[in-house]
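Handing you a structure now.
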Amino acid sequence: KILRDIEFKYWDLIKKKGEKIYKQVLGEKKYFDIIKKTNESMYPPLRFLESFKKPVFLVYGNSDFLNKNVRKIGMGGLESMCRENENLILLKTNYKKFDNLTIAGFSGYRGAMSKGLTKTDKKQKEKIKKINSEWENRLNRLFQRIQGRENVIFLAHDVPRGYFDKVNYKKSPLHNKNVGDEYFTKYIRRYQPSLFICGHMHEYQGIKKLGKTKIITTGSAAEGKAAIIDINKEIKIRFI
């Protein structure tokens with residue numbers, strides 16, 4: 001929440017200069033203390049999920065730290081946690097078979113600039129073009145691999161553009177805008193996985209349809225929200 005409030009306050013400056021603005025505002029020590037506590041906050045829920053001794057399929061988003069993000073403070077990130085627990089399966093741009101299901105995971109998050117929601121200069125536009133090209137190539141590669149499979153569950157962090165994505169938080173610079181990922185909408189519409197399970201938007205929890213695909217957004221775990229989905233072998237939802 002502290003980093004989010006700073007991001008909203010210094011929105012335009014952060015879009016130009018990046019992470020160093022946080023350090024300038026907070027001071028390096030406080031900034032790294034926040035990173036440390038945020039990284040540590042991943043441990044309890046992951047340990048709880050691992051305790052079931054069943055496969056747990058994970059994707060990461062914009063508030064999750066990978067090894068490269070926390071190496072500078074001598075910590076291990078999400079990959080290290082998953083390597084230490086064999087039941088935690090991190091899906092970056094790949095899929096796993098589980099019983100009769102195909103679990104396809106796509107990790108990461110594109111920010112407001114990459115989605116065309118903020119003003120950008122010529123130099124940033126070139127960078128954004130590259131980011132978006134790599135993003136779509138990853139999605140295309142994943143869906144080409146699972147094309148034609150039945151009972152596909154697609155996992156990603158962000159919501160699709162136009163579904164559960166209107167910002168209601170009045171302090172946000174993106175208030176009242178639709179901020180979902182347009183590439184997710186494109187590939188779900190094209191390939192029609194059975195389920196798409198996502199999060200990111202704290203304002204929403206529920207289910208909608210895009211063609212034959214049921215989109216389920218889980219709600220904010222920080223607010224005690226989650227989705228429990230009971231399905232049969234053909235992915236006919238019996239309960240959410």
Side-chain angles (χ1 to χ4, degrees), residues 49 52 54-62 64 89-111 114-117 131-168 174 176-221 225-240:
L49 290 170
F52 289 102
K54 300 289 183 182
V56 178
F57 300 95
L58 310 170
V59 292
Y60 62 80
N62 58 309
D64 302 309
I89 303 162
L90 180 60
L91 301 175
K92 292 185 176 181
T93 312
N94 56 315
Y95 71 93
K96 296 288 185 181
K97 292 290 292 180
F98 177 66
D99 290 339
N100 69 314
L101 305 175
T102 295
I103 312 292
F106 187 84
S107 286
Y109 175 75
R110 285 191 312 132
S114 299
K115 293 176 179 177
L117 299 170
I131 289 170
N132 289 345
S133 176
E134 291 173 351
W135 189 262
E136 182 162 27
N137 285 340
R138 283 180 59 208
L139 270 171
N140 186 58
R141 191 164 65 247
L142 176 62
F143 276 94
Q144 285 294 322
R145 293 177 69 194
I146 63 174
Q147 185 177 12
R149 292 178 180 270
E150 296 182 348
N151 302 323
V152 173
I153 298 178
F154 177 36
L155 308 177
H157 177 73
D158 204 359
V159 296
R161 180 68 59 86
Y163 297 81
F164 302 112
D165 71 334
K166 188 174 182 179
V167 177
N168 294 326
L174 299 176
N176 268 338
K177 290 187 177 182
N178 293 90
V179 299
D181 194 298
E182 67 270 26
Y183 290 107
F184 289 170
T185 304
K186 174 181 175 179
Y187 278 83
I188 292 169
R189 182 176 286 124
R190 179 184 295 173
Y191 289 98
Q192 296 284 284
S194 300
L195 291 181
F196 176 48
I197 304 174
C198 52
H200 184 68
M201 296 294 291
H202 291 200
E203 293 100 321
Y204 299 100
Q205 183 182 41
I207 180 168
K208 291 187 177 183
K209 288 194 74 175
L210 199 175
K212 295 180 181 179
T213 301
K214 291 183 175 69
I215 300 169
I216 297 170
T217 187
T218 60
S220 171
K225 295 178 181 178
I228 299 175
I229 306 166
D230 182 11
I231 59 176
N232 61 16
K233 290 183 178 181
E234 291 77 35
I235 308 195
K236 292 181 179 176
I237 296 173
R238 296 183 293 207
F239 171 79
I240 299 178

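Predicted model, so just to flag it, every value in this text is computed and none were measured.
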* **Verdict with supporting geometry, N151 and T102, side-chain contact (heavy atoms from CB on, under 4.5 Å)** => CA-CA 6 Å; N151 302 323; T102 295; over 6 Å; no

* Minimum heavy-atom separation for A104 to I146, with atom names? ->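 So the two residues come closest at CB-CD1, 3.8 Å.
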
* Asked: If you look at every heavy atom in K177 and L117, which pair is closest and at what distance?
  ->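 Result for this residue pair: NZ-O, 3.5 Å.
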
* Asked: Is I229 close to I197 at the side-chain level, that is, under 4.5 Å between some pair of heavy atoms?
  ->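 When only atoms from C-beta onward are counted, I229 and I197 do touch, with a gap below 4.5 Å.
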
* To do: State, without any angle test, whether R110 and N132 hold a side-chain donor-acceptor pair at a distance under 3.5 Å.
  =>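 Yes, N132 and R110 have a side-chain donor paired with an acceptor closer than 3.5 Å.
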
* Asked: For the atom pair OH (Y60) and CG (L91), what is the distance rounded to the nearest 0.5 Å?
  ->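 Separation between the atoms: 11.5 Å.
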
* To do: Provide the closest heavy-atom pair for R145 versus T93 in the form atom of the first, atom of the second, distance.
  =>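 Taking R145 first and T93 second, the nearest heavy atoms are NH1-O, 4.0 Å.
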
* **Option among F184, F196, F154, F106 that satisfies the ring-ring contact (aromatic ring centres under 6.0 Å, His included) test with F143** =>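 Filter result, single survivor: F154.
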
* **Exercise: identify the closest heavy-atom pair between L174 and V167** =>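 For L174 and V167, the tightest heavy-atom pair comes out as O-CB, 3.3 Å.
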
* Rounded distance [0.5 Å steps], CG in D165 versus CG in N178 ->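 So the CG of D165 and the CG of N178 are separated by 4.0 Å.
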
* **Interatomic distance, I215 atom CD1 to C198 atom SG [nearest 0.5 angstrom]** =>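 So the CD1 of I215 and the SG of C198 are separated by 6.5 Å.
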
* Separation between CD1 of I207 and NZ of K209, rounded to the nearest 0.5 Å ->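 It comes to 8.5 Å.
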
* Heavy-atom closest pair, residues V59 and L90 ->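 Result for this residue pair: CA-CD1, 4.3 Å.
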
* OG1 of T217 to NZ of K225: how many Å apart, nearest 0.5 Å? ->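 Nearest 0.5 Å value for the OG1-NZ distance: 9.5 Å.
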
* To do: Would you give the length of the straight line joining atom OH of Y204 to atom OG of S220, rounded to the nearest 0.5 angstrom?
  =>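 Nearest 0.5 Å value for the OH-OG distance: 14.0 Å.
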
* Asked: If we ignore angles and hydrogens, is there a donor and acceptor under 3.5 Å between the side chains of R161 and Y183?
  ->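 Note: R161 and Y183 side chains miss the donor-acceptor criterion.
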
* Asked: Between N94 and K92, is there a donor-acceptor pair closer than 3.5 Å when you use the side chain of the first and the backbone of the second?
  ->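 Here the side-chain-to-backbone pair exists.
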
* **side-chain contact (heavy atoms from CB on, under 4.5 Å) assessment of R149 paired with Y95** => CA-CA 11 Å; R149 292 178 180 270; Y95 71 93; 2.9 Å; yes

* Asked: Side chains of Q192 and Y187: donor-acceptor distance under 3.5 Å anywhere?
  ->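 There is no such pair (donor and acceptor under 3.5 Å, judged by atom type) between the side chains of Q192 and Y187.
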
* What's the verdict on salt bridge (Lys or Arg N to Asp or Glu O under 4.0 Å) for K115 and D158, showing C-alpha distance, side-chain angles and the deciding distance? -> CA-CA 12 Å; K115 293 176 179 177; D158 204 359; 2.5 Å; yes

* K96 atom NZ, over 12 foreign heavy atoms within 6.0 Å ->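 Check fails, neighbour count at 12 or below.
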
* Work out which heavy atom in P55 is nearest to a heavy atom in F98; give both atom names and the distance. =>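 Shortest heavy-atom separation between P55 and F98 comes out as CG-CE1, 3.6 Å.
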
* Asked: Is any side-chain heavy atom of I153 closer than 4.5 Å to a side-chain heavy atom of P193?
  ->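 A side-chain contact is absent here, since even the closest heavy-atom pair is not under 4.5 Å.
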
* Asked: Is a donor on one side and an acceptor on the other found under 3.5 Å between the side chain of N140 and the backbone of E136?
  ->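 No, the answer is negative, given that no donor and acceptor are paired below the 3.5 Å cut-off.
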
* Could you walk me through whether V179 and M201 pass the side-chain contact (heavy atoms from CB on, under 4.5 Å) test, one step at a time? => CA-CA 9 Å; V179 299; M201 296 294 291; 3.8 Å; yes

* Is K166 salt-bridged to E203, cutoff N-O under 4.0 Å? ->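 No, no charged N to carboxylate O under 4.0 Å.
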
* Asked: Around atom NZ of K97, are there more than 12 heavy atoms of other residues, nucleotides or ligands at under 6.0 Å?
  ->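 It does: K97 NZ has more than 12 such atoms within range.
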
